[in-house]
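Keep in mind it's a predicted model, so treat the numbers as computed, not measured.
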Amino acid sequence: MTIPLPVGVAAVGVITFAAWRFRALTGSGAVAALTVGSASVAAGVDWAALLVFFFVTSSALSRAPRRGASGADAVAIAGGDGPRSAMQVLANGVIFAAAALGSLAAGGVIWTALGAGAIATATADTWSTEVGTRVGGTPRHILTLAPVPSGTSGGITLLGSLAAVAGAVLTSTVAQGVQFGAPFAAMVIGGLAGTLADSILGATVQERRWCDTCRAPTERRIHRCGSSTRVAGGVKGFDNDAVNLTSIIIGASVTCLLSLLS
């Protein structure tokens with residue numbers, strides 16, 4: 001089902017403006033969100049519904065309070081709960097938007113499957129991160145199982161992992177409800193595969209930084225103390241946004257392959 005493009009874009013504009021006003025998005029993030037949202041509504045109500053589900057639930061979780069010392073660690077390492085930038089929006093939404101435009105232009109199960117896997121991965125990974133760094137307790141390194149500070153890329157918790165499963169399952173359920181067209185199981189498996197890839201990439205190749213002033217690890221170029229940080233491991237320039245984008249490509253690809261085989 002399609003909706004008149006001006007109506008859809010206007011609706012996206014209202015949602016984006018509200019998100020900007022409530023500091024869920026930066027100015028550049030709002031422009032990026034408007035672009036991703038417009039591409040989605042152009043492809044149809046089903047595409048728009050999945051994007052809205054991801055955005056609303058993820059924004060709500062990002063506003064939840066952090067609990068105890070683990071919450072402070074997460075902020076120190078990964079950054080605060082500020083508005084999302086354009087790079088963060090595009091890392092999570094550009095594959096979904098590209099699939100939406102491909103579906104609009106050419107149709108076919110491939111584009112639908114790619115979009116399904118992309119949004120399932122983005123939702124599962126975001127839910128896992130938000131829940132895990134707020135109420136998940138002490139995370140463990142995904143490869144060594146050694147305890148790591150909350151907010152460390154590649155660290156996982158039981159509650160965060162359960163949140164990832166819930167995110168993939170509920171996104172797939174919504175997809176079935178709006179008749180998106182992607183197989184339920186393929187969407188769930190693809191979303192979880194992408195989330196797993198995100199953790200492994202975060203633990204191995206993601207750029208790690210160090211603040212010499214605080215003598216503390218971080219992912220931020222400017223630490224909360226105001227000092228510039230230096231690269232201390234991983235692949236220079238391959239930051240969290242690059243990890244998110246790569247993991248979404250993996251999740252979308254897995255979903256696409258399983259959909260074609262089903």
Asks: Going by the side-chain hydrogen bond (donor to acceptor under 3.5 Å, both in side chains) test, name the single residue among H141, R208, Q206 that passes it with S153.
Replies: Q206
Asks: Using every non-hydrogen atom in the two residues, find where T255 and G190 come nearest and quote the distance to one decimal.
Replies: OG1-CA, 3.2 Å
Asks: Under 3.5 Å, side chain of S128 to main-chain N/O of A124, donor-acceptor pair present?
Replies: no
Asks: If you count every heavy atom of other residues, nucleotides or ligands that lies below 6.0 Å from F22 atom CZ, does the total exceed 12?
Replies: no
Asks: Counting C-beta onward and ignoring hydrogens, is there a side-chain heavy-atom pair between R220 and T229 closer than 4.5 Å?
Replies: no
Asks: So among D241, N240, T246, which one has a side-chain hydrogen bond (donor to acceptor under 3.5 Å, both in side chains) with N244?
Replies: N240
Asks: Kindly check if the number of other-residue, nucleotide or ligand heavy atoms within 6.0 Å of CG (L170) is above 12?
Replies: yes
Asks: Do the side chains of I95 and I249 get nearer than 4.5 Å, heavy atoms only?
Replies: yes
Asks: Any link between V178 and F53 through a network of hydrophobic side chains (Ile, Leu, Val, Met, Phe, Trp, Tyr) touching at under 4.5 Å?
Replies: yes
Asks: Should M87 and V89 be regarded as members of a common hydrophobic cluster, given that ILVMFWY residues are connected when their side-chain heavy atoms come within less than 4.5 Å of each other, either directly or indirectly?
Replies: no
Asks: Distance-only criterion, 3.5 Å: show the donor-acceptor pairs between side-chain atoms of residues 98-107 and protein atoms not counting sequence neighbours.
Replies:
none

Asks: Mind checking the CG-OG1 spacing from N92 to T126? Nearest 0.5 Å is all I need.
Replies: 5.0 Å
Asks: Looking at Q176, I want to see if its CD is surrounded by more than 12 non-hydrogen atoms of other residues, nucleotides or ligands under 6.0 Å.
Replies: yes
Asks: In this structure, would I200 and I250 fall into the same cluster of hydrophobic residues linked by side-chain contacts under 4.5 Å?
Replies: no
Asks: Nearest 0.5 angstrom please: L196 CG to L201 CG, how far?
Replies: 9.5 Å
Asks: Please give me the minimum heavy-atom distance between C256 and I110, naming the atom from each residue.
Replies: SG-CG2, 3.9 Å
Asks: Out of curiosity, does F96 fall in the hydrophobic cluster containing F54 (side-chain heavy atoms, cut-off under 4.5 Å, transitive links)?
Replies: yes
Asks: Which heavy atom in G167 sits nearest to a heavy atom in T123, and how many Å separate them?
Replies: O-CG2, 3.9 Å
Asks: How close do A193 and V254 get, heavy atom to heavy atom, and via which atoms?
Replies: CB-CG2, 4.1 Å
Asks: Does any N or O in the side chain of S40 come within less than 3.5 Å of the main-chain N or O of A97, such that one atom is a donor and the other an acceptor?
Replies: no
Asks: Please determine whether residues V41 and L34 belong to a single hydrophobic cluster, defined as Ile, Leu, Val, Met, Phe, Trp and Tyr linked transitively by side-chain heavy-atom distances below 4.5 Å.
Replies: yes
Asks: Apply side chain to side chain contact (heavy atoms under 4.5 Å, CB included) to residues I222 and S228 and explain how you reach the verdict.
Replies: CA-CA 5 Å; I222 304 297; S228 297; 3.6 Å; yes
Asks: Is it the case that the side chain of T16 and the backbone of V12 share a donor-acceptor pair, with hydrogens and angles ignored and the cut-off at 3.5 Å?
Replies: yes
Asks: Indicate the atoms forming the closest heavy-atom contact of R134 with A64, along with that distance.
Replies: NE-O, 2.7 Å
Asks: Where is the tightest heavy-atom contact between T121 and G191, given as atom of each residue plus distance?
Replies: OG1-CA, 3.4 Å
Asks: Show every salt bridge (Lys or Arg N to Asp or Glu O under 4.0 Å) that has at least one partner inside residues 226-238, sequence neighbours left out.
Replies: D212-R230
Asks: Using atom types as modelled and distance alone, determine if a side-chain donor or acceptor of S262 lies under 3.5 Å from a backbone N or O of S259.
Replies: yes
Asks: Find the distance between CH2 (W127) and CG (L61) and round it off to the nearest 0.5 Å.
Replies: 6.5 Å
Asks: Could you tell me the separation between the CG atom of L162 and the OG1 atom of T157, rounded to the nearest 0.5 Å?
Replies: 8.0 Å
Asks: When rounded to the nearest 0.5 angstrom, what distance separates CD1 in I248 from OG1 in T195?
Replies: 9.0 Å
Asks: Find the distance between CG (L25) and OG (S85) and round it off to the nearest 0.5 Å.
Replies: 9.5 Å
Asks: Please collect all ring-ring contact (aromatic ring centres under 6.0 Å, His included) contacts where either partner lies in residues 153-199, sequence neighbours excluded, each pair once.
Replies: W47-F180
